[in-house]
Amino acid sequence: MGQSLEWGRRYLMVRPDHFRIDYVINPYMSTHDQPDPELALKQWDSLRQAIVDADGEVEVLPQRPDSPDMVYAMNLGLAAADGRAMLSHMRFEPRRKESLTAGDWFVGHGFALGRPGSDGVGPHFESGDAFVFGDSLVVGYGPRTEAGALKHLATEWNIRVRGLRIAHEGMYHLDLPFCPVDSTHAMVYPAAFDAASQAALFDLVPDPIVLTDDEAFAFSGNSIVVNETIIMPACSPRLHDVLAGLGLRVVVLDFTEFHKAGGSARCLTNPLDFPLDSITTPGGELILPA
């Protein structure tokens, strides 16, 4: 087993007081299949409690009434342990109001705020596409995040960025087909990426845990690791054996109401403690698949 992740002990969450499906921006959404408000709140609170039980911390940001997808806090912005944050610039206009509230929250909590674009101008970046892993910030691009945003991240923060091009409409954010587990292991779903990015993925991850189709589309890759606990929406017996064999305590929770809008455990949580020291390089560096 690799070393435990250096991040994932402090999270931002948005309580689902106004969670509903008003529009369709991914293959999972239907305005005819609305989430049950009471059940959604129960599922959300179970996740919050599981993080606390695993010795993690949770900050809660109130949800805007006009932003039903804001509950998917992972996409509000990329937050670093050194107090920097890069606000998301949403591709779809109905989600852009979330950034107004998120920006105020980050600044109010001491983060120095940057942004790759605003009001539809500049490259789109959604933080559900970004994870620190190995020697880089790994960023998925294609469906939501544009390639131009990767260069902005690299040069603005003087870090090494490795891009992976997502080519599957059902895996529209990196947090669906890529889940860091420890310093060498990550759950991955290679079919989410184009051929060059699949090769780059296997070069990037020393010990990949390859998800089956069934596991991937049960949102297994949309899990979070808090200390030595992994909190998951689904876990096959095979996957359980692999993860438990790495010394992780596996906690499976129900996220059915959030699956209706295309998100799960990872989407509902935004880590506020990504370390940048080990990926810093003067002037920044962008590495794209060959």
Do [X] and [Y] get their side chains close enough for a donor-acceptor pair, meaning under 3.5 Å?
X: D17; Y: Q63; answer: no
X: T229; Y: N227; answer: no
X: S88; Y: N75; answer: no
X: Q49; Y: D45; answer: no
X: S67; Y: E98; answer: no

Just by distance, do the side chain of [X] and the backbone of [Y] share a donor-acceptor pair under 3.5 Å?
X: S30; Y: H32; value: yes
X: R20; Y: H18; value: yes
X: E59; Y: M13; value: no
X: E257; Y: P35; value: no
X: Y72; Y: F258; value: yes
X: D129; Y: V139; value: no
X: K260; Y: M29; value: no

Quick check: closest heavy atoms across [X] and [Y], and the distance to 0.1 Å?
X: P62; Y: V60; result: CD-O, 3.9 Å
X: C267; Y: D175; result: SG-OD2, 3.8 Å
X: A196; Y: A290; result: CB-O, 3.1 Å
X: P68; Y: D22; result: CG-OD2, 3.8 Å
X: L137; Y: A130; result: CD1-CB, 4.1 Å
X: A40; Y: P16; result: O-CG, 4.1 Å

[Y] reachable from [X] in the ILVMFWY side-chain graph, under 4.5 Å edges:
X: F131; Y: I279; result: yes
X: L5; Y: V52; result: no
X: L211; Y: L204; result: yes
X: V71; Y: L253; result: yes

Applying salt bridge (charged side-chain N to carboxylate O under 4.0 Å, His left out) to E57 and R9, what does each step give before you reach the verdict? CA-CA 6 Å; E57 299 177 25; R9 293 168 177 81; over 6 Å; no

Check your understanding: Can you check side-chain hydrogen bond (donor to acceptor under 3.5 Å, both in side chains) on T256 and D254, steps first, answer last?
Key -> CA-CA 6 Å; T256 51; D254 184 7; 3.2 Å; yes

Measure the spacing between [atom1] of [X] and [atom2] of [Y] and express it to the nearest 0.5 Å.
X: T101; Y: R64; atom1: OG1; atom2: CZ; result: 4.0 Å
X: S127; Y: M74; atom1: OG; atom2: CE; result: 6.0 Å
X: Q198; Y: L201; atom1: CD; atom2: CG; result: 8.0 Å
X: D55; Y: E228; atom1: CG; atom2: CD; result: 10.5 Å
X: I166; Y: Y141; atom1: CD1; atom2: OH; result: 10.0 Å

With heavy-atom distances below 4.5 Å as the criterion, would you say the side chains of [X] and [Y] are in contact?
X: L41; Y: F19; value: no
X: H152; Y: M86; value: yes
X: I231; Y: L47; value: yes
X: V210; Y: P190; value: yes
X: Y172; Y: I25; value: no
X: V161; Y: I287; value: no
X: S46; Y: Q43; value: no
X: T269; Y: V58; value: no

Review point. Testing D182, L239, L243 for side-chain contact (heavy atoms from CB on, under 4.5 Å) with I230, which one passes?
Key: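 Result for side-chain contact (heavy atoms from CB on, under 4.5 Å) with I230: L243.
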
field: side chain to side chain contact (heavy atoms under 4.5 Å, CB included) assessment of W44 paired with F255
entry: CA-CA 8 Å; W44 180 91; F255 295 99; over 6 Å; no

Between the side chains of [Y] and [X], is the shortest nitrogen-to-carboxylate-oxygen separation below 4.0 Å, so that they form an ion pair?
X: E215; Y: R238; result: yes
X: D135; Y: R162; result: yes
X: R91; Y: E126; result: no

Q.
Heavy-atom count check: over 12 atoms from other residues, nucleotides or ligands less than 6.0 Å from E6 CD?
A. no

Between N26 and R144, does a side chain to side chain contact (heavy atoms under 4.5 Å, CB included) hold up when you go through it step by step? CA-CA 10 Å; N26 68 55; R144 296 293 183 86; 4.0 Å; yes

Apart from L87 itself, its cluster of hydrophobic side chains linked below 4.5 Å comprises L12, V14, L61, M70, L76, W105, F106, V107, F111, L113, L272

Ring pair (Phe, Tyr, Trp, His ring centres under 6.0 Å) pairs touching residues 267-290, sequence neighbours excluded, are W7-F274

Residue pairs meeting ring pair (Phe, Tyr, Trp, His ring centres under 6.0 Å), one or both in residues 212-248, sequence neighbours left out, come to Y28-F219, H168-F217, Y189-F217, F219-H259

### Query
Restricting to pairs with a member in residues 262-286, which pass salt bridge (Lys or Arg N to Asp or Glu O under 4.0 Å), not counting sequence neighbours?
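Every pair satisfying salt bridge (Lys or Arg N to Asp or Glu O under 4.0 Å) with a residue in residues 262-286: R160-E285.
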
For S197 and R165: C-alpha separation, side-chain torsions, deciding distance, then whether side-chain hydrogen bond (donor to acceptor under 3.5 Å, both in side chains) applies. CA-CA 6 Å; S197 293; R165 185 176 179 277; over 6 Å; no

Q: Verify whether the ring centers belonging to F92 and Y23 lie closer than 6.0 Å.
A: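 No, the ring of F92 stays outside the 6.0 Å limit from the ring of Y23, centre to centre.
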
I want to know whether F178 and F193 have ring centres closer than 6.0 Å.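 For F178 and F193, the ring centres are not under 6.0 Å apart.
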
**Request:** Go through the steps for N270 and Y11 under the test side chain to side chain contact (heavy atoms under 4.5 Å, CB included), then give the verdict.
**Result:** CA-CA 5 Å; N270 189 323; Y11 291 93; 5.8 Å; no

Hits for side chain to side chain donor-acceptor pair (under 3.5 Å) against S220, two or more places apart or cross-chain, chain-then-number order -> none

Sorted by chain and residue number, the side-chain contact (heavy atoms from CB on, under 4.5 Å) partners of E146 (sequence neighbours excluded) come out as P123, H124

Audit row: L246, V181, side chain to side chain contact (heavy atoms under 4.5 Å, CB included) steps and yes/no: CA-CA 9 Å; L246 295 176; V181 172; 4.1 Å; yes

